[in-house]
Each structure stands twice: as structure tokens, then as C-alpha cells.
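For reference, the structure discussed in these notes is given below.
Lettering follows sequence order; numbering is per chain, from 1. Quick caveat: nothing in here was measured; it's all calculated off a predicted structure.
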2 protein chains.
Amino acid sequence: MSSKQGYDPSKYPPVAVTVDIVLLTIRDDSLEALLVRRGQEPFKGSYALPGGFVRPDETLADAAARELEEETGARGMHLEQLGTYGDPGRDPRMRVVSAAYLALIPNPPEVTGGSDAEVAEWVPIATFLDASLPESPSLLAFDHRKILRDGVERARAKLEYSGLATAFCGTEFTVGELRRVYEIVWGVDLDARNFHRKVTGTLGFLEPTGEMTTRGGGRPAQLFRRGATQTLNPPILRPTPSVV
Amino acid sequence: MSSKQGYDPSKYPPVAVTVDIVLLTIRDDSLEALLVRRGQEPFKGSYALPGGFVRPDETLADAAARELEEETGARGMHLEQLGTYGDPGRDPRMRVVSAAYLALIPNPPEVTGGSDAEVAEWVPIATFLDASLPESPSLLAFDHRKILRDGVERARAKLEYSGLATAFCGTEFTVGELRRVYEIVWGVDLDARNFHRKVTGTLGFLEPTGEMTTRGGGRPAQLFRRGATQTLNPPILRPTPSVV
DNA sequence: CCAAAAGTGTTGCTTTTACACCCATGA
DNA sequence: TCATGGGTGTAAAAGCAACACTTTTGG
């Protein structure tokens with residue numbers, strides 16, 4: 001900030017500051033994102049990430065949490081900053097600098113008709129990110145395809161060395177359910193036995209509840225909560241994916 | 001952006017968008033950051049990260065690169081976005097949303113008297129980040145201590161699995177010089193022999209120039225350039241540091 | 001009974017770590 | 001000659017991958 005000699009805002013053209021949210025969940029064994037259908041120009045009819053203006057009195061993270069609650073009714077899910085996208089011209093109307101946030105939610109709420117005029121919808125991320133797909137600018141508005149891709153990549157990378165995957169599960173979950181998260185987000189098959197050893201062997205990573213469940217079928221499984229240790233060292237290595 | 005019904009800027013109070021830069025280098029076996037002494041209120045006399053306003057026609061990254069060149073005269077060094085800091089009240093004068101960038105430079109230029117009014121200076125990061133240090137709000141202006149800490153942590157983390165360390169070296173460097181980067185940034189001692197095997201064994205990570213040098217003293221060492229492979233898999237594990 | 005998922009044991013392989021040892025230079 | 005850093009060898013330990021096998025439920 002060394003060169004801020006004056007603070008007359010009229011010297012600088014107006015800039016809008018917004019948040020955009022990559023909200024991911026797992027539905028029907030598929031990694032999906034919450035998107036809204038735009039009801040007006042520009043990009044009318046395209047999907048867009050949910051988001052909105054940052055209010056004068058709130059932090060960027062607060063703005064993201066507020067938008068999330070407006071859109072889903074849910075609070076307290078995992079939320080982290082992803083990056084900021086501010087190229088001139090990314091919004092044709094005016095200069096918009098947008099802080100993107102990555103959010104993860106378990107048990108996705110059915111959203112059709114949030115508080116917003118536009119309709120929110122869960123869409124499989126493969127709809128937009130398949131490598132075979134041509135760049136279809138009319139499908140995702142603005143630079144939101146890039147933001148979505150960055151969000152998915154962040155989530156994939158963090159599964160390796162952190163407890164992020166538990167953010168896709170309810171408060172109590174089985175090792176098998178946690179493994180399904182890895183398999184779906186990475187698009188790979190993992191060896192159930194080695195995975196089990198890995199996560200239960202990392203001290204403090206999973207906290208046993210003492211309860212059992214048979215909700216997955218088969219032999220009853222222990223229920224766990226996320227433990228205090230949220231770093232996996234050594235990490236779970238991501239195999240080369242069979243599917244993108 | 002679902003709730004942007006209108007785009008009348010007057011509906012929203014003015015927001016300034018700036019970039020702040022965590023520029024790191026290695027000088028005298030010490031990890032140092034480029035900081036400026038503030039010549040005016042607020043935080044007059046404190047250190048601050050270099051930075052400035054984003055111009056209407058430039059991207060955030062362009063703004064960061066421009067500020068870097070103004071401050072150091074150097075171009076083309078490593079530059080990546082670190083995160084965005086926008087809490088209300090972080091700047092007492094007005095709402096300022098700042099995109100922070102991490103930059104790394106080898107062979108630090110002597111900076112005293114850049115194009116700016118304020119004086120730039122290389123300062124060891126331990127001056128600000130030592131765990132033993134009390135929170136001294138008058139030392140680093142605004143929330144710049146947090147930004148600096150985030151930048152250093154990003155650099156430390158990325159050494160593990162990427163070729164980022166080469167950004168601290170000139171275009172040609174020896175394995176020993178590269179290892180010194182790791183040791184200084186992490187504050188640990190590494191086994192020179194195992195390190196050598198690791199980096200030379202990762203195919204494509206280092207590209208031999210065919211040249212030798214004796215500039216470190218001792219037996220002549222091969223000179224390398226950074227190779228095409230910029231991911232280390234498996235990573236170099238960071239030992240628990242002996243010094244912060 | 002069978003199918004399905006949980007969980008344990010074992011084996012061979014790769015990687016890491018620690019350290020002995022030799023090499024090539026400058027002083 | 002010695003000190004200094006470069007580089008190879010090697011063996012023990014740790015970690016990983018593959019898979020045989022047992023356990024406990026539901027249907």
C-alpha cells in the first residue's frame with residue numbers, strides 16, 4: 001500500500017466487490033455443485049455460481065456464509081477462501097472483483113426456490129468439467145467455469161493431506177462412507193482394507209463414538225466423528241484417476 | 001452473483017481494491033521480506049507490505065507485477081495469488097479489499113529509494129514471525145503480519161511438493177544451493193546426500209546444463225536448470241523444524 | 001444358504017533414513 | 001597436507017499395495 005497517497009474514491013472508477021461460491025456436495029454417488037440459472041442478461045439462461053455483493057459491514061467470509069444460508073438454509077458447513085477473480089471485463093457491466101469461496105455440505109438440502117429470484121439446482125460437476133467437453137461459453141456464465149474447476153481441484157488436492165473429506169459426511173460416519181467420498185471426488189477405486197488401516201491408524205484423525213451401524217448393509221460398522229488431528233501425514237496418495 | 005439485481009454503484013459505499021505483495025528472498029542465509037517504512041498515518045513509522053491500487057484496465061496479477069517492478073526494478077519473478085483480505089476496518093480510512101500476492105526473487109536487488117516516496121527495505125521474517133514475539137501492532141501495519149505469515153507458510157508448504165524452491169535460485173544452480181534454500185526456508189538441516197538423490201532422481205525435475213562450478217568451495221558441482229517437471233511426487237517431507 | 005460390507009493378517013516391494021565412504025577442488 | 005562440499009553405496013526401518021481370509025449382518 002505504499003503508493004496510496006490519497007483516498008479520494010472519485011479518483012478511481014467504481015469497483016464492485018462480490019463473493020462467488022463453489023458449493024459442493026455428494027448426491028447419488030456423484031460430485032455436484034449448487035448453481036443458479038440466470039434469469040437475466042448477461043448470460044441469461046446460463047448457469048452461474050451463487051453469490052452476491054459484499055455488504056459494507058461484513059467480512060468476505062461473512063458475506064459468503066450469508067449467501068450460502070440464503071441459498072440453502074444451512075449454516076456452519078465448511079467454508080474456505082478459494083481465490084479472487086478480478087480481470088477487467090470478466091463482467092461486461094462493470095469492474096467486478098469477486099472473492100471465490102469453496103464450501104462443502106453433507107446431505108444436500110433439496111433446493112428449488114430459495115430466497116432468490118433465480119432457481120438453484122444441484123448439477124454434477126462432470127457436466128462442466130469433463131475434459132472431452134468443448135469450451136462452451138454459454139453453459140457457465142462469466143469466468144465461473146474456471147472458478148468451479150479451481151474449487152474442485154482444491155477439494156481434490158486437500159483430501160490427500162487433510163480431513164476435508166469429513167465435511168462431505170454427517171457428524172457421524174463409517175470408514176466405508178468416508179472412503180466413498182474419496183472415491184467419488186477423485187473418481188478412483190480405493191482398496192477398502194488399506195484405506196481402513198490408513199485412516200484408523202492415524203492417531204486422533206477419527207474419534208470413535210462407540211456406536212455401530214448397519215446402514216450400509218453387510219457387517220455392522222463403527223461410527224466415527226472427525227477427530228482433532230486434521231492433517232494426514234503421510235498423506236493418502238491419489239491414484240491416477242480412471243475417470244475425470 | 002444471483003442477487004445482483006441492479007448495478008447502480010451509488011447503492012454501495014465505495015470500496016478500494018488494492019494488491020499487497022509478500023516478496024521473499026534469501027539474503028545472508030536468512031529468509032527476508034521486502035517491506036516499506038510508512039511515512040504517513042495511519043501506522044506512520046511501521047513497516048508495511050509493498051502494494052497499491054489496482055488500475056481500471058489491469059488484472060490483479062498485472063497490478064502486483066507492476067508494483068513489484070516499481071519497487072525492485074525486476075520483472076518475471078515467480079508470482080502467485082495468496083488470498084484476499086477484506087475485513088471492514090482493516091484500513092481505518094475506508095473499506096479496502098486487498099488481493100495479496102506471493103512473489104519470490106533470487107539475488108535480491110539492493111533497494112533503497114525505489115520510485116515510491118517510502119523507503120523499501122529487506123527485513124528478516126523472523127523479526128515479525130517468531131513465535132516468542134508478542135503481538136506488536138505497531139511493528140507491521142494493518143493486517144500485514146497475518147498476510148506475511150500466510151505468505152511464508154504458503155512458501156514453506158509448496159517446497160514440499162513443487163519446484164518452488166528454484167524461484168529462490170538463479171537460472172543455474174547446484175544441488176547444494178537448492179538444498180540451502182530448503183534449509184533456510186524451513187529452518188531445518190537436511191541430509192545433503194539423501195537430498196541429492198531425491199532431486200536428481202525425480203526425472204525431469206532438474207535439467208543438467210553440462211557445466212560445473214566450484215563457486216561453493218569444495219569439489220566441483222554440476223549446474224542445473226529447473227526442469228519441466230514441477231511437481232515432486234512423492235514430496236520431500238519437511239522435518240519438524242528446530243527453529244521457527 | 002448367499003451377498004455384501006467390515007475388518008485383520010501377511011507378504012513383497014518401494015521409499016526413506018542414517019551413515020560409511022570416496023572424490024575433487026582450494027588454501 | 002587439510003577442510004570443504006559433491007556424490008555413491010548400503011543396510012535397517014518404515015510405509016505401501018495387493019490380496020487371502022475371517023466376521024457379522026440382511027435377505
Side-chain angles (χ1 to χ4, degrees), chain A residues 29 159-161 169 172-184 186 188-203 205-225 229 231-242, chain B residues 26 29 159-161 165 169 172-184 186 188-203 205-225 229 231-242:
Chain A
D29 286 354
L159 290 201
E160 292 198 352
Y161 60 89
C169 301
E172 301 194 346
F173 51 88
T174 68
V175 173
E177 288 162 2
L178 188 63
R179 179 173 47 81
R180 293 294 299 146
V181 170
Y182 277 84
E183 293 180 331
I184 290 163
W186 282 349
V188 298
D189 284 324
L190 297 178
D191 185 290
R193 292 129 339 163
N194 292 335
F195 181 87
H196 186 278
R197 235 192 310 264
K198 178 79 182 180
V199 296
T200 57
T202 301
L203 212 68
F205 186 68
L206 295 183
E207 183 186 313
T209 65
E211 307 283 308
M212 306 284 279
T213 183
T214 62
R215 66 186 180 214
R219 172 175 166 183
Q222 289 184 72
L223 278 171
F224 294 88
R225 280 188 219 94
T229 304
T231 50
L232 279 168
N233 197 311
I236 304 178
L237 293 180
R238 165 163 43 158
T240 38
S242 45
Chain B
I26 291 176
D29 286 354
L159 290 202
E160 292 198 353
Y161 59 88
C169 302
E172 302 195 345
F173 51 87
T174 68
V175 172
E177 288 162 1
L178 188 64
R179 178 172 49 81
R180 293 294 300 144
V181 171
Y182 277 84
E183 293 180 330
I184 290 163
W186 283 349
V188 297
D189 283 324
L190 299 178
D191 185 288
R193 296 141 320 178
N194 293 334
F195 182 88
H196 185 278
R197 234 191 311 265
K198 178 80 181 179
V199 294
T200 57
T202 301
L203 211 67
F205 186 67
L206 295 184
E207 184 186 312
T209 65
E211 307 282 309
M212 306 284 279
T213 185
T214 60
R215 66 185 178 215
R219 171 176 165 182
Q222 290 184 71
L223 278 170
F224 294 89
R225 279 188 220 93
T229 304
T231 51
L232 278 168
N233 198 314
I236 304 178
L237 293 179
R238 164 163 45 156
T240 37
S242 45

State whether [X] places a side-chain N or O below 4.0 Å from either non-bridging phosphate oxygen (OP1 or OP2) of [N].
X: R179(A); N: dA6(C); value: yes
X: H196(A); N: dA6(C); value: no
X: R197(B); N: dT16(C); value: no
X: Q222(B); N: dG7(D); value: yes

Open item on the list: Looking at Y182(B) and A165(B), would you say the former's side chain and the latter's main chain have a donor-acceptor pair under 3.5 Å?
Closed with: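 Checked: no pair found.
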TODO: Please confirm whether the backbone N or O of L223(A) pairs with a side-chain atom of T209(A), one donor and one acceptor, at under 3.5 Å?
DONE: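 The answer is yes, because a donor-acceptor pair under 3.5 Å joins these two groups.
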[X] [atom1] to [N] [atom2], straight-line distance once rounded to whole Å:
X: R193(B); N: dC22(C); atom1: CZ; atom2: P; answer: 14 Å
X: D189(B); N: dA18(C); atom1: CG; atom2: C1'; answer: 14 Å
X: L190(A); N: dA6(C); atom1: CG; atom2: C1'; answer: 16 Å
X: F195(A); N: dA5(C); atom1: CZ; atom2: P; answer: 16 Å
X: L237(B); N: dA18(C); atom1: CG; atom2: P; answer: 12 Å
X: D191(A); N: dT10(C); atom1: CG; atom2: C1'; answer: 13 Å
X: L206(A); N: dA6(C); atom1: CG; atom2: P; answer: 13 Å
X: R215(A); N: dA4(C); atom1: CZ; atom2: C1'; answer: 17 Å

Open item on the list: Please pick, from dG7(C), dC16(D), dG7(D), the nucleotide with the shortest atom-to-atom distance to any side-chain atom of R219(A).
Closed with: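 Nearest listed nucleotide: dG7(C).
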Task: Nearest listed nucleotide, side chain of N194(B), among dT17(C), dC16(D), dG7(D) - done: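 Within the option list, the nearest is dT17(C).
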Task: Closest heavy-atom pair and its distance - M212(A), P220(A) - done: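 Here M212(A) and P220(A) meet closest at CE-O, 3.9 Å.
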- [ ] Identify, between T214(B) and P234(B), the residue whose nearest nucleotide on DNA chain C lies closer to the 5' end.
- [x]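 Comparing both residues, the 5'-ward one is P234(B).
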TODO: Specify the residue among P220(B) and P235(B) whose closest nucleotide of DNA chain C lies further upstream toward the 5′ end.
DONE: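 Per heavy-atom nearest nucleotide, the more 5' residue is P235(B).
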- [ ] Taking the side chain as every heavy atom from C-beta outward, state whether P234(A) and K198(A) have any atom pair closer than 4.5 Å.
- [x]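 They are in contact (side-chain heavy atoms under 4.5 Å apart), so the answer is yes.
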Task: Salt bridge present between E177(B) and R180(B) (N-O < 4.0 angstrom) - done: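 No salt bridge links E177(B) with R180(B).
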Task: Closest-nucleotide 5' rank along DNA chain D - winner of T200(B) and K198(A) - done: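 Result of the comparison: T200(B).
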